[in-house]
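These notes concern the structure reproduced below.
The shown structure was predicted, so the numbers you read here are calculated from the model rather than taken from an experiment.
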2 protein chains.
Amino acid sequence: MYDILLTYISQRAVTPITAEQAVLIRDAFKPKKLRKKQYLLQEGDVCKYLSFMVKGAMHQYSIDEKGNEHIVRFGIEQWWMADRESFEMQTPTRYNIDAWEETELLQISRPAYLSLRDAVPAVMEMTQELDKRGSIAAQKRIQAVISYTAEERYLDLLKTHPYFLQRFPQHMIASYLGISAETLSRIRKQALSK
Amino acid sequence: MYDILLTYISQRAVTPITAEQAVLIRDAFKPKKLRKKQYLLQEGDVCKYLSFMVKGAMHQYSIDEKGNEHIVRFGIEQWWMADRESFEMQTPTRYNIDAWEETELLQISRPAYLSLRDAVPAVMEMTQELDKRGSIAAQKRIQAVISYTAEERYLDLLKTHPYFLQRFPQHMIASYLGISAETLSRIRKQALSK
DNA sequence: AAAAGGGCTTGACATTTATCAAGAAGATCT
DNA sequence: AGATCTTCTTGATAAATGTCAAGCCCTTTT
C-alpha cells in the first residue's frame, strides 16, 4: 500500500525519490483503517495527522446551530485529508471529518511531516504543487458559488467530479453545493427533461 | 518603495535576507503605476506578472453572459495581485483585474520569479506561507458562502475586513458577497436597527 | 453653472430556494 | 421475516433574494 503513496509523490515532483528516501517515507507514515461513520477528526480536536487516502470515501463538514451539516470537501482514493488550518497552526478545528465508506489511510504526524519535507525534496515539491492546485480549485469554487445558480453548479460538478455523485448520497452533494436536498432533487428532475 | 517589499518578505520568512539578496530582489521587480479603472489584466490575457501592491486598491472579477461583474477578490496595499492559475500555467485568464484607486505596483515576471525563488530562500518561504494562508482563507470563504445567509456573511466581512467596506463601493461588496446591491442595501438598513 | 454619470436607496413584483410534511423504495439490522 | 432506517421524491407554503424602475444626492466633466 505504500507503493501507491510513493508513486503519487513521484508523479507530482520533479526530483526523483532515492531508495533511502523511500525508506524514510515508509517509516514516517503509519497505516490506519476506519469503519463507516468513524471519525478521523471531530470539532474541537487538534488535527494531529495528515492522512493520505489509499482506499475509501470521506467528507469534511461543519455543523451549524440548527444541527445541519455543511459539507466543505469530499475525499476519495489518492486525496489528502486533514483540516489544513488546524494541522498547520495546531489549533482546535471547527470541522468534522469522517469515513463514509470503509477507508484505509496512511498517516503522518506533524513533526514527522516537517522533517520528512526537509529530508526529501520530492515531498516538498509535492506539497507545493498541492497547495497551488488547492488554492486554484478553491478560487474556482468561490467564483462558482457567487456567480452561478444552483443548477449551473450542479451541472458543473457533474462535469468535473462525476464520481462524487456516484459515491455520496444526494443530500451530501446538495450540502456541498450549498442547497437543500429537495432543491437538488428538483434540479435533477428538470435537467433530465432537457 | 522597495523597502516595503523587503520588510514584507522578511516578516513572512524565517531565513533573513542578505544584502546581496536584497539587490537581487530590487533588480527583479519593476515599478508600475495604474490610473483609476486601468486594467492590470483582461479576460483572455496570459498573466505575465506577479504584482505586489505598494499603494492603492484593486479588484479581480469575472463577467457573465448577462454582463454582470462577479468580484472574486479585493486587493489593497501589501497584497499580491495576479490570476494564480494563469500565472502558474501560462494559460489565458477568465478574469479581469483593474485599479479602483490610483495604484502603485512592483512587478516581477514569471521567469524572474522562478529564479528569484531559487536564489532567495526567504522568497520561497514567503510564497509557501502565502499559499498556505490563501488556501485556508479560501476554504473559510467557501464554508461561509454555503452555510451562512447573506446577512451573516456581511456581518462577518464587517468583522474580518472592515477596511474593504470603506474603500470599495457597496455594489462591489455585494458582488463579493454573492448578492445583489439592493439586497445588501436592505441588509445594512436592517442591521442598523438592531 | 449646467449636464452627465455613479452610487445608494426604496417600492413593487417575480423568481429562486428553503422548509415542512408525507410517502415510496430500498438497504440494513436483529 | 419483520422492523427500522435511510434515501429520494413530491406537494404546499413560506422566506429569501433578484430584477426592474424611479428618485435623490454627490462627484466629475464640460
Classify every nucleotide of nucleotides 5-22 of chain D by which part a protein heavy atom approaches to under 4.0 Å, writing B for the base, S for the sugar-phosphate alone and - for neither, in 5'-to-3' order. --SSSBBB----SSBB--
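A salt bridge links A/Asp3 with A/Arg26: the closest approach of a Lys/Arg side-chain nitrogen to an acidic carboxylate oxygen falls below 4.0 angstrom. With respect to the salt-bridge test (charged N to carboxylate O, under 4.0 angstrom), the residues B/Arg186 and B/Glu182 do not qualify.
With hydrogens and angles left out, the side-chain atoms of B/Gln60 and A/Gln139 include a donor and acceptor closer than 3.5 Å. Checked by atom type, the side-chain pair B/Asp64/A/Tyr148 shows no donor-acceptor distance below 3.5 Å.
Atom CG in A/Leu6 sits 9.5 Å away from atom CZ in A/Phe29 (nearest 0.5 Å). The CD1 atom of B/Ile146 lies 5.0 Å from the CZ atom of A/Arg141; values are rounded to the nearest 0.5 Å.
In this structure, the CD atom of A/Glu152 is 15 Å from the C1' atom of C/dT15, given to the nearest Å. C/dA18 atom C1' lies 13 Å from atom CG of A/Asp64, rounded to whole Å. Taking atom CD1 of B/Ile173 as the reference point, atom P of C/dG6 lies 19 Å away to the nearest angstrom. Computed from coordinates, the B/Leu165 CG to C/dG7 P distance equals 16 Å when rounded to whole Å.
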